[in-house]
Amino acid sequence: MKRAIALVDCNNFYVSCERVFQPKLEGKPVVVLSNNDGCVVSRSQEVKDLGVTMAAPWYQMKALAKRHGIVAFSSNYALYADLSSRVMSLLSQFSPQQEVYSIDESFLDLSGMPGSHAEYGQLMRRTIRQCVGIPVCVGIAPSKTLAKLANHVAKKNPQFNSVCDFNSMSEDELDALLASIEVGEVWGVGRRTAPKLQEIGIHSVLDLKRSPPGRLRARFSVVFERIVSELNGVACLELDDVPHDKQQIICSRSFGMLTSSLADLEQAAIAYTTRAVEKLRQQHSIASALHIYVRTNPHRTQDAQHQQGILVPLDEPDDDTRAFCKAALHGLRQIYRPEHAYQKVGVMLADIVPASERPRTLFDDDAARERSKSLMNALDHINRRMGSGTLRLLGEGANQSWAMRRESSSRRYTTEWEDLFICPS
């Protein structure tokens, strides 16, 4: 029995999320911008047709936007994460084995399911569109790499109606299709490696499929041997239906304005450390160290530059926000230089292990640890129920002048009471 792996990918996901609550934007050029409204991170098809590339700086597009009526939104991550969760929850009902690959992509194992897999893919599309409002494409194939390619074909070729099933094609039909796709579209190849492949005569996906695996392994790496096997329908990448815990947790943002104020940097450090440790507790882990760094704007060559970080070890592995914030402030004060205007501060939690593997010592204070656990549980429960940041450490401050710019953000329609969508009468 041929294996059937489906990749379901949301179309222009951030833009599609904005259109769910503003359907008047359907058919109009729309972009979503990165932090501080810096560059384009999501484009509608109408914007792509204008030649706008991913990561295009927004300030360079102002004239084009005015000429073509491009609507721009600041990133609304709370909305996107919530709609992603709804899409993934719906998809989990279509297969007993699911791997959530990213915020807008999910692999499903359809092997052994009766009937047409293409029709099943259409059912998934209709269900997600009806229940969440997000358009998706579906690619089906015997391996994850081929499923990615099938999804690419489904997006680029209207005759497939957004669902492409490689398993339903004959070998000759599939090879003809692969011959028309540039090798750079293969998952794992990318733009840097594609020219190197072209130098040795591998221009299309079919060329790569027919290449001797040993030759590619010797010239590149074992990864390419696996890619060739996957292109030939031999699954080397299994579905990972249990997400792995993160071994590093990073939280950082560029400021909305440059600042030389230690107080501003301390507020940002506490805010970002708080978010990072929340993620640590969500995966039931503890960490032994925190790395904090500061950076000026490298593009402002007229300014004095300073970039420095420091690793601060904790006395013992922990998941208490207060312990990490204390470490973050200690490290920040050592690397801060008042004569510089800083653009960014970031924190990274390191030496992460499961909380169940916490080492025991002779000096453990079980009562203090229980108090810490109760406090953090209460903090997380209230913030989950009432909204992120409802309860926070005083050090985050109330007037965060350094916060990133979000001048064109939509409302948090699904995660904040005051922003709930109200259907017009």
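Reckoned from all heavy atoms, side chains included, excluding hydrogens, waters and symmetry mates.
Counting all heavy atoms, side chain and backbone alike, Leu108 lies closest to Leu239 at C-CD2, 3.9 Å. Shortest non-hydrogen contact noted between Val189 and Ala194 is CG1-N, 4.0 Å. When every heavy atom of Pro354 is checked against every heavy atom of Ile286, the shortest pair comes out as O-CG1, 4.1 Å. The two atoms that bring Leu290 and Phe324 nearest to each other are CD1-O, 3.8 Å, heavy atoms only. When all heavy atoms of Met88 and Ile103 are compared, the pair lying nearest together is CE-O, 3.6 Å. Across all their heavy atoms, Val41 and Ser34 have their closest contact at CG1-CB, 3.6 Å.
With a 4.5 Å cut-off on side-chain heavy atoms, Asp303 and Thr296 do not count as touching. Inter-residue side-chain proximity for Ser42 and Phe73 is flagged as unmet; no heavy-atom pair is nearer than 4.5 Å. Between Ile310 and Ile292, some side-chain heavy-atom pair lies under the 4.5 Å cut-off. Residues Glu316 and Asp364 are in side-chain contact: their nearest non-hydrogen atoms beyond the backbone lie under 4.5 Å apart. Residues Glu18 and Val32 are in side-chain contact: their nearest non-hydrogen atoms beyond the backbone lie under 4.5 Å apart. Using a 4.5 Å heavy-atom cutoff, the side chains of Lys144 and Glu99 are in contact. Side-chain contact check for Leu216 versus Leu208: some heavy-atom pair is nearer than 4.5 Å. Residues Cys17 and Ile134 are in side-chain contact: their nearest non-hydrogen atoms beyond the backbone lie under 4.5 Å apart.
Listed by first then second residue, pairs satisfying ring pair (Phe, Tyr, Trp, His ring centres under 6.0 Å) with a partner in residues 174-193 read Tyr101-Trp187, Phe107-Trp187, not counting sequence neighbours.
Looking at Ser89, its side chain never comes within 3.5 Å of a backbone N or O of Ser85 through a donor-acceptor pair. The backbone N or O of Val136 sits less than 3.5 Å from a side-chain atom of Arg125, completing a donor-acceptor pair. Checking side-chain atoms of Thr274 against main-chain N and O of Ile270 turns up a donor-acceptor pair under 3.5 Å. The backbone N or O of Asp109 sits nowhere less than 3.5 Å from a side-chain atom of Gln97 that would complete a donor-acceptor pair. In this structure a side-chain-to-backbone donor-acceptor pair under 3.5 Å is missing from Arg19 to Pro23. Glu185 contributes no side-chain N or O that, together with a main-chain N or O of Leu149, makes up a donor-acceptor pair within less than 3.5 Å. When atom types are taken as modelled, the side chain of His68 and the backbone of Leu50 share no donor-acceptor pair closer than 3.5 angstrom. In terms of modelled atom types and a separation under 3.5 Å, the side chain of Arg358 and the main chain of Pro317 share a donor-acceptor contact.
Looking only at atom types and distance, the side chain of Ser170 has no donor-acceptor partner in the side chain of Asp172 under 3.5 Å away. Defined by atom type and a distance below 3.5 Å, a donor-acceptor pair is missing between the side-chain atoms of Arg295 and Gln307. Side-chain contact annotation: Ser374 with Asn377, donor-acceptor N/O pair under 3.5 Å absent. Under the 3.5 Å distance criterion, with hydrogens and angles disregarded, a donor-acceptor pair is assigned to the side chains of Ser410 and Asn76. Asp264 and Thr259 form a side-chain donor-acceptor contact under 3.5 Å, judged by distance and modelled atom types alone. In this model, a donor atom of one side chain and an acceptor atom of the other lie less than 3.5 Å apart for Arg281 and Thr321. No side-chain donor from either of Gln98 and Ser95 sits under 3.5 Å from a side-chain acceptor of the other.
Between Arg392 and Glu278, no side-chain nitrogen of the basic residue sits less than 4.0 Å from a carboxylate oxygen of the acidic one, so the salt-bridge criterion is not met. For Lys373 and Asp319, the salt-bridge test fails: no basic side-chain N is under 4.0 Å from an acidic carboxylate O.
Around the CD atom of Glu119, the shell of radius 6.0 Å holds no more than 12 heavy atoms that belong to other residues, nucleotides or ligands. Atom NZ of Lys155 has more than 12 heavy atoms from other residues, nucleotides or ligands within 6.0 Å. Taking a 6.0 Å sphere around CD of Glu182, one finds it holds 12 or fewer heavy atoms contributed by other residues, nucleotides or ligands. Residue-environment remark: CD (Gln130) stays at or below the threshold of 12 foreign heavy atoms within 6.0 Å. Annotation for Lys48: atom NZ counts as buried by contact number, over 12 foreign heavy atoms lying within 6.0 Å.
Ring-plane geometry between Tyr120 and Phe94 is classed as perpendicular, the angle between the planes exceeding 60 degrees on a 0 to 90 degree scale with a lower cut at 30.
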Checklist entry - What do the steps show when you test Arg369 against Asp320 for salt bridge (Lys or Arg N to Asp or Glu O under 4.0 Å), and what is the final call? => result CA-CA 9 Å; Arg369 186 163 291 156; Asp320 190 310; over 6 Å; no

